[in-house]
Amino acid sequence: MDLALLRTFVAVHRAGSFTRAAALLGLSQPAVTSQIRTLEQQLGRPLFLRQARGVTPTTIGDELAHKAAPHLDALVEIAETGLDEDSSLRTLHLAGPPEFTAERALPALTELTGDHGQGFALRASFGNAEETLKGLAAGHHDLAITTARPRGALLTATPLCDEEHVLIADPRWASRVGAAKLRRKDTHALENLPVVEVHESLPFVARYWASVFDSRPAASGTVIVPDLRAVLACAVTGAGLAVLPRYLCASALERGDVVALLEPAVPPLRTYFLAVRTGTLAMPHIARAHERLLRAATGWS
């Protein structure tokens with residue numbers, strides 16, 4: 001049986017679509033269709049059921065994928081490793097949001113790198129959920145940390161941790177607001193306060209308002225900076241109120257540089273997912289990193 005046909009078959013099985021598989025393989029859709037038809041003719045059995053949107057594997061298709069995919073992944077690993085001067089050192093490509101990746105994921109993974117670790121090099125890139133999932137599907141990344149759960153069979157996601165969001169400001173602004181009003185969900189005191197955010201649409205503030213106050217913020221952004229660490233730095237200097245992940249502003253809260261304006265009984269949460277291409281956890285360096293992040297996340301608060 002032609003390994004090229006099996007490789008195309010596994011790509012279609014994981015992608016759930018001839019079109020997506022063709023993009024991943026760098027082939028035309030007719031070429032993928034032709035290869036699958038050839039493989040089906042060789043086996044004498046249909047491997048996929050064609051549908052309006054993509055394809056669904058038959059029982060025989062699922063069985064073949066279960067048997068063939070791990071061996072194909074192992075062959076790819078051998079081939080890629082052979083390209084390295086040091087065949088014992090694999091490279092893990094990680095992608096995720098800049099702040100969470102820098103503050104949480106990278107410190108957890110660096111102990112697995114280097115000569116005294118578990119034998120892989122580490123390369124990280126930053127991006128939003130859409131960018132990282134697209135790059136993961138295209139094979140540019142091995143692991144992606146994202147706030148959006150991917151759909152389809154091509155990618156597999158595991159919940160990593162929940163992130164609590166906190167409404168903060170420096171003590172000067174906090175004294176002007178009045179916590180009692182906020183506990184009564186009276187947001188008028190906040191309407192004229194300057195706001196520090198990562199985008200003009202106020203994604204963090206709007207999510208907090210919807211969750212805690214069941215309303216939309218009336219304020220507009222005063223300072224817009226595309227990094228939550230910069231948002232914190234601006235808030236500390238008195239630029240305005242902000243909504244930040246608690247892990248990112250915990251030290252500033254302890255020092256009194258900023259104050260939590262409200263501590264709701266049920267704080268707003270955002271879930272992070274750890275995503276991989278389906279089947280790639282058979283590769284040891286990806287599996288070790290995946291396990292390490294899940295284990296480390298149990299201690300994150």
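The analysis underlying the following values was restricted to heavy atoms, covering all of them including side chains, and did not include hydrogens, waters or symmetry mates.
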> Can you name the one residue among Leu228, Val205, Ile168 that meets side chain to side chain contact (heavy atoms under 4.5 Å, CB included) with Val243?
Replying inline: Val205
> Taking Ser34 for the side chain and Pro30 for the main chain, is one N or O donor matched with an acceptor at less than 3.5 Å?
Replying inline: no
>> Under a 3.5 Å threshold, yes or no: a donor from one side chain and an acceptor from the other, between His165 and Glu163?
In response: yes
> Is it true that Val196 and Ile224 fall in one hydrophobic cluster, defined by side-chain heavy atoms closer than 4.5 Å?
Replying inline: no
> CG of Asn128 to CG of Leu133: how many Å apart, nearest 0.5 Å?
Replying inline: 9.0 Å
> To the nearest 0.5 Å, what is the distance between CZ (Arg20) and CG (Leu154)?
Replying inline: 7.0 Å
> Is it true that a side-chain atom of Arg292 and a backbone atom of Ala108 form a donor plus acceptor pair closer than 3.5 Å?
Replying inline: yes
>> If hydrophobic clusters are built by linking Ile, Leu, Val, Met, Phe, Trp and Tyr wherever their side-chain heavy atoms come under 4.5 Å apart, do Leu39 and Leu3 end up in the same one?
In response: yes
> Stepwise, does the ring pair (Phe, Tyr, Trp, His ring centres under 6.0 Å) test hold for Phe100 with Trp300?
Replying inline: CA-CA 11 Å; Phe100 187 89; Trp300 295 340; 5.6 Å; yes
> Please walk me through it: do Leu262 and Tyr208 pass side-chain contact (heavy atoms from CB on, under 4.5 Å)?
Replying inline: CA-CA 11 Å; Leu262 183 64; Tyr208 190 97; 3.9 Å; yes
> Below 4.5 Å, heavy atoms only, C-beta onward: do Arg246 and Leu253 meet side chain to side chain?
Replying inline: yes
> Looking at NE2 of His290 and CZ of Arg295, how far apart are the two atoms once the value is rounded to the nearest 0.5 Å?
Replying inline: 12.5 Å
>> Quick check: is Phe213 connected to Leu244 through a chain of hydrophobic side chains (ILVMFWY, heavy atoms under 4.5 Å apart)?
In response: yes
> Of all heavy-atom pairs between Pro267 and Ala265, which one has the smallest distance, and what is that distance?
Replying inline: CD-O, 3.5 Å
> How far apart are the closest heavy atoms of Asp227 and Pro98, and which atoms are they?
Replying inline: OD2-CB, 4.4 Å
> Parallel, tilted or perpendicular: which describes the rings of His13 and Phe48, with under 30° parallel and over 60° perpendicular?
Replying inline: tilted
>> Within the structure provided, determine whether Ser17 and Val55 are in side-chain contact (heavy-atom separation under 4.5 Å).
In response: no
> Distance from His141 atom NE2 to Ile286 atom CD1, nearest 0.5 Å?
Replying inline: 12.5 Å
> Of the non-hydrogen atoms in Ala148 and Ala129, which two are nearest, and what is the gap between them?
Replying inline: CB-CB, 4.0 Å
>> Walk me through whether His285 and Asp142 qualify under side-chain contact (heavy atoms from CB on, under 4.5 Å).
In response: CA-CA 10 Å; His285 70 301; Asp142 300 313; 4.2 Å; yes
>> Is the shortest side-chain heavy-atom distance between Arg37 and Gln41 below 4.5 Å?
In response: yes
> Thr280 side chain to Val276 main-chain N or O, any donor-acceptor pair under 3.5 Å?
Replying inline: no
> Phe273, Leu143: one ILVMFWY side-chain cluster at the under-4.5 Å cut-off?
Replying inline: no
>> With a 4.5 Å cut-off on side-chain heavy atoms, are Ile145 and Leu274 touching?
In response: yes
>> Please determine whether side-chain contact (heavy atoms from CB on, under 4.5 Å) holds for the pair Leu193 and Trp173, giving the CA-CA distance in whole Å, both sets of side-chain angles, and the decisive distance to 0.1 Å.
In response: CA-CA 8 Å; Leu193 266 62; Trp173 287 117; 3.9 Å; yes
> Of the non-hydrogen atoms in Val166 and Ala260, which two are nearest, and what is the gap between them?
Replying inline: CG1-CB, 3.8 Å
> Taking the side chain as C-beta and beyond, is there a heavy-atom pair between Val236 and Asp170 under 4.5 Å?
Replying inline: no
>> To check you understand the geometry: which heavy-atom pair defines the closest contact between Thr101 and Pro107, and what is its length?
In response: O-CD, 4.2 Å
> If you round to the nearest 0.5 Å, how far is CG of Leu167 from CG of Leu261?
Replying inline: 4.0 Å
>> One pair to check against side-chain contact (heavy atoms from CB on, under 4.5 Å): Glu164 and Arg270. What are the steps and the verdict?
In response: CA-CA 7 Å; Glu164 179 188 347; Arg270 183 170 65 165; over 6 Å; no
>> Within the 4.5 Å heavy-atom criterion, are Val231 and Glu197 side-chain neighbours or not?
In response: no
> Is the shortest distance from a Lys or Arg side-chain nitrogen in Glu40 or Arg50 to a carboxylate oxygen in the other one below 4.0 Å?
Replying inline: yes
>> Less than 4.5 Å apart, side chain to side chain, heavy atoms only: is that true for Leu94 and Leu106?
In response: yes
> Can you tell me how far the CG atom of Leu64 sits from the CG atom of Leu6, to the nearest 0.5 Å?
Replying inline: 6.0 Å
> Would you find a donor on one side and an acceptor on the other, under 3.5 Å apart, between the side chain of Thr58 and the backbone of Pro46?
Replying inline: yes
> So, Arg104 and Glu99, do they make that salt bridge, N to O below 4.0 Å?
Replying inline: no
>> Would you say that Trp209 contacts Leu190 through its side chain, given a criterion of any heavy-atom pair below 4.5 Å between the two side chains?
In response: yes
>> Between Lys134 and Glu130, does any NZ, NE, NH1 or NH2 come within less than 4.0 Å of an OD or OE carboxylate oxygen?
In response: no
> Shared ILVMFWY cluster between Leu248 and Phe126, side chains joined below 4.5 angstrom?
Replying inline: no
>> Take a 6.0 Å sphere around CZ of Arg151 and say whether it holds more than 12 heavy atoms from other residues, nucleotides or ligands.
In response: no
>> Please check: side-chain N/O of Thr298 versus main-chain N/O of Leu294, any donor-acceptor pairing under 3.5 Å?
In response: no
> Which pair of non-hydrogen atoms, one from Tyr247 and one from Glu103, has the smallest distance, and what is that distance?
Replying inline: CE1-CB, 3.7 Å
